[in-house]
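What follows is a short report on a single structure.
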2 protein chains.
Amino acid sequence: METTPAPSKADVCASGPTAHPRPDGQDHYTISEVVAVTGLTAHTLRWYERIGLMPHIDRSHTGQRRYSNRDLDWLAFVGKLRLTGMPVAHMVRYAELVRVGEDTFEERRELLESTRRDVLSRIAELQDTLSVLDFKIDFYAGARRASERA
Amino acid sequence: METTPAPSKADVCASGPTAHPRPDGQDHYTISEVVAVTGLTAHTLRWYERIGLMPHIDRSHTGQRRYSNRDLDWLAFVGKLRLTGMPVAHMVRYAELVRVGEDTFEERRELLESTRRDVLSRIAELQDTLSVLDFKIDFYAGARRASERA
DNA sequence: TGCTTGCTTGGAGTGCACTTCAACGTTCTA
DNA sequence: TAGAACGTTGAAGTGCACTCCAAGCAAGCA
């Protein structure tokens, strides 16, 4: 599987500054440190790399992965995309576009806007289910009150 | 797999009256009619029955399924639960509670309230991702405008 | 020097929610 | 009466997103 190069600052920064566990320059996290920070498993981190969802990850002189602050930012963004329900294949597509460079800004925007539309309709769908749930919950709560009165 | 008995009116009615394709008394839908109404596949309908998510479905004299308006209502409700993201195993649990009867109102209410909480937090999560998406979309849109000016 | 802990790999396994298959029976239309 | 269309079953297969396994290497420590 291909890996993406380290994305540029603008590609990675999410909304607002995020504090990193270590300052730039000393940011050489082992996989288990990344596990602690992200909540992902080491398996998943290696799998992300294998499917091309991660940029190239630095290695120590013994071949162990050393993640950077930038990798952490990318993982945080991927985490957000995951929460949207975006399929991993689409995230990989996005990672490929980042790898290619600035010429793909437009396609990246389209990808995110389509995801945005999906999120909005999913929210609407969920709000729709809420009224059904509330109706039923009220029914059961009403039945309980009635049996307490009896 | 066990099947549930026909749930009582109160167990099934969703929010508001739903028009049925045929009036009560003439409601003997074939599986393909139910496919057309619900959008589920025939496979899925049979699978739902096998795992205990459906009440007992009437059969014609030749053994073919004949669904009733009540079955359609139940399927509509199951569809709503599916949209909430509730796992099928929980829906089966709910169906079991319906089968047992009115003694399970309280547990059913708890199940739905827990689902409701899940839905609310999922909505919040999605709204959170929206701000990240918007931030990135704005960045790419801004880059486009900048390049058009250049 | 051995032991434990952490990391590496490719490949196989898991759980969910269907989905397809094979083989066959029934019903409808020409 | 032929043939298409629709229905039946149990079992196996699919796609997704991980998740686990076996076997082995490397570093730190009693």
Side-chain angles (χ1 to χ4, degrees), chain A residues 1-3 28-54 56-68 71 74-75 77-95 115 118 122 125 129, chain B residues 1-3 28-54 56-68 71 74-75 77-95 115 118 122 125 129:
Chain A
M1 262 310 155
E2 264 175 311
T3 58
H28 307 290
Y29 307 99
T30 65
I31 199 163
S32 59
E33 285 169 330
V34 178
V35 164
V37 171
T38 63
L40 297 167
T41 70
H43 303 299
T44 302
L45 287 167
R46 288 191 276 257
W47 179 67
Y48 277 3
E49 206 175 321
R50 208 146 37 83
I51 63 175
L53 186 52
M54 292 297 292
H56 172 78
I57 303 296
D58 272 0
R59 297 294 178 125
S60 72
H61 69 106
T62 55
Q64 299 191 353
R65 290 172 181 78
R66 292 295 177 257
Y67 292 80
S68 68
D71 298 328
W74 174 252
L75 281 169
F77 179 57
V78 164
K80 288 294 181 185
L81 292 185
R82 206 161 49 102
L83 286 179
T84 66
M86 190 192 238
V88 169
H90 292 193
M91 296 186 217
V92 170
R93 174 76 188 135
Y94 186 89
T115 302
D118 291 348
R122 181 81 183 110
E125 211 171 63
T129 68
Chain B
M1 266 303 158
E2 263 174 313
T3 58
H28 307 292
Y29 308 98
T30 64
I31 200 163
S32 59
E33 285 170 329
V34 178
V35 164
V37 170
T38 62
L40 297 168
T41 70
H43 302 299
T44 302
L45 287 167
R46 288 191 276 258
W47 179 68
Y48 277 4
E49 206 175 322
R50 207 146 36 84
I51 64 176
L53 186 52
M54 292 296 293
H56 172 77
I57 303 295
D58 272 1
R59 298 293 179 126
S60 71
H61 68 105
T62 56
Q64 300 192 348
R65 289 172 181 78
R66 292 295 177 258
Y67 292 83
S68 68
D71 298 328
W74 175 253
L75 281 169
F77 178 57
V78 165
K80 288 293 180 187
L81 291 186
R82 206 161 51 102
L83 286 179
T84 66
M86 189 191 240
V88 168
H90 291 193
M91 296 187 218
V92 170
R93 174 75 188 135
Y94 186 89
T115 302
D118 292 347
R122 182 78 182 113
E125 214 170 62
T129 68

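First the proteins, then the strands, lettered A, B, ... as listed; each starts at 1. As the structure is a prediction and not an experimental result, all values here were calculated from the model.
Of the two residues near DNA chain C, B:M91 and B:H61, the one whose nearest nucleotide lies more 5' is B:M91. Ranked by how close their nearest DNA chain D nucleotide is to the 5' end, A:T44 and B:S32 are led by B:S32.
Atom C1' of nucleotide D:dA17 and atom CG of A:L81 are separated by 15 Å, given to the nearest angstrom. Atom CD1 in A:I51 sits roughly 16 Å away from atom C1' in C:dG10 (whole-Å rounding). Atom pair B:W47:CH2 and D:dG7:P shows a separation of 21 Å (rounding to whole Å applied). Per the geometry, CZ belonging to A:R65 stands 18 Å off P belonging to D:dC25, to the nearest Å. In this entry the distance linking CZ of A:R59 with C1' of D:dA26 reads 14 Å, nearest Å. When rounded to the nearest whole Å, the span between CZ of B:R82 and C1' of C:dC16 equals 13 Å. For the pair B:L45 CG and C:dA17 C1', the interatomic distance rounds to 14 Å; values are reported in whole Å. In this entry the distance linking CD of B:Q64 with C1' of D:dG7 reads 4 Å, nearest Å.
Base contact: A:R46 has a heavy atom under 4.0 Å from a base atom. Within 4.0 Å (heavy atoms only), B:R66 reaches no atom of the nucleic acid at all.
Here CZ of A:R82 is found 10.0 Å from CG of A:L53. Values are rounded to the nearest 0.5 Å.
Considering B:T115, B:T84, B:L81 in turn, B:T84 is the only one that fulfils the side-chain contact (heavy atoms from CB on, under 4.5 Å) rule with A:T129.
When only modelled atom types and interatomic distance are considered, B:S68 and B:D71 share a side-chain donor-acceptor pair under 3.5 Å.
The side chain of B:R50 has D:dA11 as its nearest neighbour among C:dT8, D:dT8, D:dA11. In this structure, of D:dA11, D:dT8, C:dC7, it is D:dT8 that holds the atom nearest to the side chain of B:I31.
Using a 4.0 Å cut-off on heavy atoms, the residues of residues 83-90 of chain B that approach DNA chain C are B:P87, B:V88, listed by number.
The phosphate of D:dC18 has OP1 or OP2 within less than 4.0 Å of a side-chain N or O from A:Y48. In this structure, A:T62 does not reach the D:dC25 phosphate: none of its side-chain N or O atoms is under 4.0 Å from OP1 or OP2.
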Evaluate the criterion side chain to side chain contact (heavy atoms under 4.5 Å, CB included) for residue pair A:L40 and A:Y48; output intermediate values, then yes/no.
CA-CA 10 Å; A:L40 297 167; A:Y48 277 3; 3.9 Å; yes
What do the steps show when you test A:R66 against A:R59 for side chain to side chain contact (heavy atoms under 4.5 Å, CB included), and what is the final call?
CA-CA 5 Å; A:R66 292 295 177 257; A:R59 297 294 178 125; over 6 Å; no
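Counting only heavy atoms from C-beta outward, the side chains of B:Y29 and B:T38 never approach each other to under 4.5 Å.
Salt bridge annotation for B:E49-B:R46: absent, with no cationic side-chain nitrogen under 4.0 angstrom from a carboxylate oxygen.
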